[in-house]
**Q** 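First the structure, then my questions, so here it is.
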There are 2 protein chains.
Amino acid sequence: MITGTVTVRSGTRARVERAMQELDFVPNLNARGLRNGRSGMIGVALPDLGTDFSASISHALLEAAHRRGLAVQVEETAAEPQREYDLVSRARTHLVDGLVLNPVRLDDSVVGRMEHLPPIVLIGEVEQHRTDRVFVNSRAATRTVTSHLIAQGARRIVALGSMSNDAGADTATVDQRLRGYLDALEAAGLPASQELQAPVPQWTIEGGAAGASLLLERGTQFDAVVAFTDTLAVGVLHALREAGIRVPEDVLVTGFDDVEHARFSSPPLTTVHFSHQEYAEAALDLLTSRIEDRTLPPRAVEIPHSLAVRESSGAAPVRGASDARGARK
Amino acid sequence: MITGTVTVRSGTRARVERAMQELDFVPNLNARGLRNGRSGMIGVALPDLGTDFSASISHALLEAAHRRGLAVQVEETAAEPQREYDLVSRARTHLVDGLVLNPVRLDDSVVGRMEHLPPIVLIGEVEQHRTDRVFVNSRAATRTVTSHLIAQGARRIVALGSMSNDAGADTATVDQRLRGYLDALEAAGLPASQELQAPVPQWTIEGGAAGASLLLERGTQFDAVVAFTDTLAVGVLHALREAGIRVPEDVLVTGFDDVEHARFSSPPLTTVHFSHQEYAEAALDLLTSRIEDRTLPPRAVEIPHSLAVRESSGAAPVRGASDARGARK
DNA sequence: CTGAAAGCGCTTACAG
DNA sequence: CTGAAAGCGCTTACAG
């Protein structure tokens, strides 16, 4: 009746609805969920909301979920990989109908070993095919951005972002981006060097700054840095500035993700652009269809990416027009 | 039995637990919630997760909630003030036991008109005393940061952050920060001018940049900008840089919140520091105690703040030590 | 000490 | 067309 599925005389309906108003009645969703076997809530698990990409994606996911009438439970996983497991099992307690998961580490990830998987969509670079997933072709994108730097004249290019310890980064992502970087070097006939593959302690601004500082302390010579995320790139810009190294005059820098800060950093950051909103929509489309029909075969959706060229890679600073490419609606 | 409250022979308990393992049993939280009248989940409502402060606070709240064994449902409210109302009423559907709300607009806010309030903690500057709340003394803090600029030699100081339309900013916050700014001008015997109170279209980086650009277009003369948030300040830095205006040589800039980007912007940003973690802990302490006992009188917790002085306000750039003050654990 | 039963608030299939 | 009853999966007070 409350859901409007039963046919009642309109007068009766009106009287009941007035009574509901007067008594300030609200339906108990626990009871409804128990009865229906659905909660109308999904879970979202991201490494660290304090990081730009996680924040932007969670914003996009919240909007997309809201549009579909879904509530969202959010969890962070960076602190302990165990939390990915907890979240997946919680899905099976019926408090969430499904889960969007950005795995921190693939090997330790739940997905490989869970027997009875709840509806789940993995976002990001993940090397498994048992669940639905949404991804950007990180390898091709990183190759593109690295080739761009080579075209700009860079010859000793640092790839920054592999993890010195394994707290916080999706190793599959690192792997793909590193491959793309190496692809570009090889295509240009440039030598790869271990010295130019710079680790970071964590995927945060501070981590990016620490990685760049370490390079400088070691006296490594380089003329460009391909940072694996925009957040890392912001840290790199900071460390270079502290050291009196100019970007792009002395060193070129690029990022990945095209978060809002990329357009507004100093200098604005050349980066890999893709629509976070589109990413979120694709994830929720997959998830809702999976919730409806669990027998569907696993699907993978690739989100297109492009290169957003800005001043940090030595592009001419086009005043007033420099944001056109990376503009988000 | 599952919760461990009943006394059973240890042998029996072991056998049952093994059976649970084998059958891969997970408790149905909907059923438990229905029975107990508690879901173990709280709601968190913030204006926009894509904004630095919201992202940082939600990160802190998620960690604090996780430590207390609480799940968190997150909602954004900036897009439509109506959502604040929806969330408060949803709390009463028993899917969340309580709510942490960072209200966008006080006047339209739910709190004033809701008859039966669920357990709720308001965070931020709010001019009402019917609910528990956590806040920073924005007025005193903004007075401090403005006085600091005056001490640095600034005379025509812009206060940037009031809303040209009312999408996205807590008007009470704007009000408090504007008062603090005026307090400082008055204390220094400087004239206040409407021309120096710069509106922004929204509380985002882009909004801050737009506000600063408008000032420049109008030809307003100024030697410092007190931005009402760090996010706005980042936009201001960008707009000034695009216009070829140097910070701090030509204009001083300050922010509010001390988000991670403040330490890493170019130049690093002088801002009002306070512990986001402490803020989150206080909010959850208030909320959990309120959930336990709804008859408690409304309480207000003030989080201490301090001035984090960095290069953007003309402080000497102390290489390597410039982050000491604003360092977060 | 242990087991059976009641009831949380819904929704839906069923009887009247 | 309408109303009463069953049952979702738990927890706890109660009877045995």
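Letters A, B, ... are given to chains in the order of the sequence lines, protein chains preceding strands, and every chain is numbered from 1. All values reported here derive from a predicted model rather than from experimental measurement.
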**Q** Can you name the side chain to side chain contact (heavy atoms under 4.5 Å, CB included) partners of A:S289, sequence neighbours left out?
**A** A:L296, A:R299

**Q** What pairs with B:D285 under side chain to side chain contact (heavy atoms under 4.5 Å, CB included), at least two apart in sequence or on another chain?
**A** B:R68

**Q** Which nucleotide in the list D:dG9, C:dC10, C:dT12 gets nearest to the side chain of A:P27?
**A** C:dC10

**Q** Identify, with sequence neighbours excluded, every residue that meets side chain to side chain contact (heavy atoms under 4.5 Å, CB included) alongside A:A65.
**A** A:I42, A:L70, A:V72, A:L284

**Q** How would you label the contact of B:N30 with the nucleic acid (heavy atoms, under 4.0 Å): base, sugar-phosphate, or nothing?
**A** nothing

**Q** B:N28 CG to C:dC10 C1': how many Å, rounded?
**A** 13 Å

**Q** Between P on D:dC10 and CG on B:L34, what's the gap in Å once rounded to a whole number?
**A** 12 Å

**Q** Nearest whole Å is fine: how far is D:dC8 P from B:N36 CG?
**A** 19 Å

**Q** Once ring-ring contact (aromatic ring centres under 6.0 Å, His included) is applied, do any residues pair with A:Y279, and if so which ones, sequence neighbours excluded?
**A** A:F274

**Q** Who are the side chain to side chain contact (heavy atoms under 4.5 Å, CB included) partners of B:R35, not counting sequence neighbours?
**A** none

**Q** Once you round it to whole Å, what is the distance between P of D:dC10 and CZ of B:R35?
**A** 13 Å

**Q** Considering only the P atoms, how many Å lie between D:dG7 and C:dG16, rounded to the nearest integer?
**A** 16 Å

**Q** Stems involving DNA chain D: give each as a range paired with a range, ordered by first number, where a stem means at least three consecutive Watson-Crick or G-U wobble pairs under 3.5 Å.
**A** C:1-3 with D:14-16, C:5-12 with D:5-12, C:14-16 with D:1-3

**Q** I want to verify a distance call: between D:dC8, D:dT11, C:dT11, whose nearest atom is closest to the B:R32 side chain?
**A** D:dT11

**Q** Round to a whole Å and report the spacing from CG of A:L29 to C1' of D:dG9.
**A** 17 Å

**Q** Could you state the CG-P distance from B:D97 to C:dC8, rounded to the nearest angstrom?
**A** 19 Å

**Q** For residues B:W203 and B:T51, report the shortest heavy-atom separation together with the two atoms involved.
**A** O-OG1, 3.7 Å

